[in-house]
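Computation of the quantities below employed the complete heavy-atom set of this structure, encompassing side-chain atoms and omitting hydrogens, waters and symmetry-equivalent molecules. So you know, we letter chains A, B, ... as the sequences are listed, proteins then strands, and number each from 1. This one's a predicted model, so the numbers in the text were calculated from it and none came from an experiment.
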Amino acid sequence: MTNAEDISRFEQQRQEKLERIKEFGIDPYGGRYEEPESAVDVKNKFREDDQSLRAKSAGRIVLLRDIGKLIFLTLRDRSGTIQIGLSKKLLAEQWDIVKLLELGDIIGASGQLGKTKTGEITIWADDITLLSKCLLQPPEKFHGLADVDQRYRQRYVDLWANPDVMERFKIRSAIVTTIREFLTSEGFFEVETPMMQTVAGGAAAKPFITHHNTLDMDLFLRIAPELFLKRLLVGGMEKVFEINRNFRNEGLSRQHNPEFTMLELYQAYADYNVMMDLTEGLISLLVEKFCPDPKVQFADLTIDLSRPWRRASYAELLKEFGGCDIDDIKSIRKKARELEINESNMDDVIVTGEVFEATVEDNLIDPTFVIDYPAPLCPLTKRKKDNPRYAERFELFIGKMELANAYTELNDPAVQEENFRLQLRGQEESMATMDKDFITALKYGMPSAGGLGIGIDRLVMVLTGAASIRDVILFPLLRPARD
RNA sequence: GGGAGUGUAGCUCAGUCGGUAGAGCAACGGCCUUUUAAGCCGUAGGUCCUGGGUUCGAGUCCCAGCACUCUCACCA
């Protein structure tokens, strides 16, 4: 790019136009342009009975129709598009410069607001300001940018070449804002906890490792904020939440990006039933606000997000879709062999988990709370009082994806320490270590609490019908492009 | 990491049986004061992802590599 030989013919042509613009004494990169109105506002203020109104817009030229002494531009800004009419009569003095405008340039235009013969609201410009010259050829106007790779690598082009992409990220932003407003109005307190941790806890996942030079120590990018947020429960923050990134050093897929955004919240004196109501209420609020129809299209699925959502126990679903009784380990192992799961070296509870994943999860299309997981799968969860083999935990599935995970938080330091020990057994080769300070915190006394985690990216996928997590993350991780 | 697919002009895509590379849009030149993916006439534009191989001859067939997509594995 920096090499003269590498500059394309198109870029050279545009560069030459830029030089000609400079010769007219015009700064091709503009500066402050005062108070442009949004395209939508301009269209809204148009009145058939008042042709004297003026309007002022700024944006990128996405379409250009040159009729000779008359040019129509379609300008795109944050709100939409507005047509600008440029006539030689009105712009006689600027006409040489007007003729140099091309697709992709960012301009400001002001003039009288009117309508064309065909009824398009148009700013008939009597003044044009070049605000930024576009030196590279924009994508094709009709099909937009379609190459998936390039769309992710050059999101800055994708966003204005494909309006539905912009729209999706606007909705994502509005979803996050709504979640914040909802939680804040419910009395939750927003915090930020460490992204760089000396012990990567709160989940079972491979962490990324980084290094602090001055302290000469390795640090982990967090895999979950859980253990820090619970420390805040100990500190007396009774309703607390964080919306932030987690990092997991694992494979990529349509549902997995190495960094992803998680909402985690904790509420003292609550339990997982309270979390279930909160989850259903919060997501339903978002559905109401952002989905025109509670029946949404997601990939090849139609999902009905209407309430109430099904609540079914782990054992019940295993029976329904796997055909196995959770207490009949022989039949579960038989089923595992049918599913070609190599069960011989697995613990009972692991085999059960595998069979559950293989038989149940693909059937969980409409929102389903899977409740009461086998306790050994839940080291941070309080067990059920009436049946300690199970833990007070649920996962919410929508569209075959795990969207949320919640439980009644374990607050007994002795049980927690024992669970950590069991979890670490046989994982000596992994990075996992005991978070002793967390045990210390629990010893000071943590109120019993409900805790909830919601994967924001996946939630946005469902609410906006995006089949891939890469479509809801502005800059998903890719290998670097070759030169 | 395994399997399948894709990679051709700036962009979106064709390219038959192996025989000198095609279209639309964009660009460049010309005409045009009410267009809507404006229109009409003309011009130019190619490392067919990269490197090998087979062949008289490869965009096309074979091998290897790279990137992306899907899928499986991994994944509380």
Value in whole Å for how far the P atom of B:A76 lies from CZ of A:Phe260: 10 Å
So, is A:Arg65 close to the B:A38 phosphate, meaning a side-chain N or O under 4.0 Å from OP1 or OP2? yes
Atom pair distance, as rounded to whole Å: CG in A:Leu252 and P in B:A73: 16 Å
Heavy-atom check, side chain of A:Thr408 versus side chain of A:Ser448, under 4.5 Å: no
For RNA chain B, determine which residues of residues 71-97 of chain A have any heavy atom closer than 4.0 angstrom to one of its atoms, and list them numerically. A:Phe72, A:Gln83, A:Lys89
Interatomic distance, CH2@A:Trp124 vs OG1@A:Thr116, rounded to 0.5 Å, equals 6.5 Å
Search all heavy atoms of A:Leu75 against all heavy atoms of A:Ile107 and return the closest pair with its distance. CD1-CG1, 3.6 Å
Going by the salt bridge (Lys or Arg N to Asp or Glu O under 4.0 Å) test, which pairs reach into residues 137-146 of chain A, not counting sequence neighbours? none
Rounded to whole Å, please give me the gap between CZ in A:Arg254 and C1' in B:C72. 13 Å
Distance, rounded to the nearest Å, where A:Gln154 contributes CD and B:G10 contributes P: 14 Å
Can you measure from CD (A:Glu264) to CD (A:Glu242) and round to the nearest 0.5 angstrom? 8.0 Å
Between B:U34 and B:C41, how far is it from one C1' atom to the other, in whole Å? 23 Å
Between P on B:A73 and CD on A:Glu354, what's the gap in Å once rounded to a whole number? 9 Å
Could you tell me how far apart A:Leu101 (CG) and B:U35 (P) are, to the nearest whole angstrom? 21 Å
For B:C75 and A:Arg248 - does any side-chain N or O of the residue sit under 4.0 Å from the phosphate oxygens OP1/OP2? no
How long is the straight-line distance from CD of A:Glu409 back to CE of A:Met446, given to the nearest 0.5 Å? 5.5 Å
Please state whether the rings of A:Phe394 and A:Phe369 are parallel, tilted or perpendicular, taking 30° and 60° as the class boundaries. perpendicular
For A:Gln255 and B:U71, give me the distance from atom CD to atom C1', rounded to whole Å. 11 Å
Which residue lies toward the 5' end of RNA chain B, A:Gly144 or A:Thr116, if each is placed at its nearest nucleotide? A:Gly144
Listed in order of residue number, which residues of residues 407-418 of chain A have a non-hydrogen atom at under 4.0 Å from RNA chain B? none
Result for 5'-nearest mapping on RNA chain B, choosing between A:Leu70 and A:Ala146, is A:Ala146
How would you list, by chain and number, every residue that makes a salt bridge (charged side-chain N to carboxylate O under 4.0 Å, His left out) with A:Asp50, sequence neighbours excluded? none
Classify the nucleic acid contact of A:Asp147 as base, sugar-phosphate or nothing, counting any heavy atom under 4.0 Å across all strands shown. sugar-phosphate
Please enumerate all protein N or O atoms sitting under 3.5 Å from an N or O of nucleotides 23-26 of chain B, with distances to 0.1 Å.
unit_1: B:C25; atom_1: O3'; unit_2: A:Lys141; atom_2: NZ; d: 3.3
unit_1: B:A26; atom_1: OP1; unit_2: A:Lys141; atom_2: NZ; d: 2.7
unit_1: B:A26; atom_1: O2'; unit_2: A:Gln137; atom_2: NE2; d: 2.7

Could you check whether any side-chain heavy atom of A:Met434 comes within less than 4.5 Å of a side-chain heavy atom of A:Val199, counting everything from C-beta outward? no
On the nucleotide B:C66, are OP1 or OP2 found under 4.0 Å from the side-chain N or O atoms that A:Arg479 carries? no
How would you list all residue pairs meeting salt bridge (Lys or Arg N to Asp or Glu O under 4.0 Å) that involve residues 112-125 of chain A, not counting sequence neighbours? A:Glu48-A:Lys115
Does B:C11 have OP1 or OP2 sitting under 4.0 Å from an N or O in the side chain of A:Gln150? yes
Test item: A:Asp347 side-chain N/O and A:Val349 main-chain N/O as donor-acceptor pair under 3.5 Å: no
note: A:Arg151, atom CZ; B:U6, atom P; distance rounded to Å ~ 21 Å
Distance check: side-chain N/O of A:Lys206 vs OP1/OP2 of B:A76, anything under 4.0 Å? no
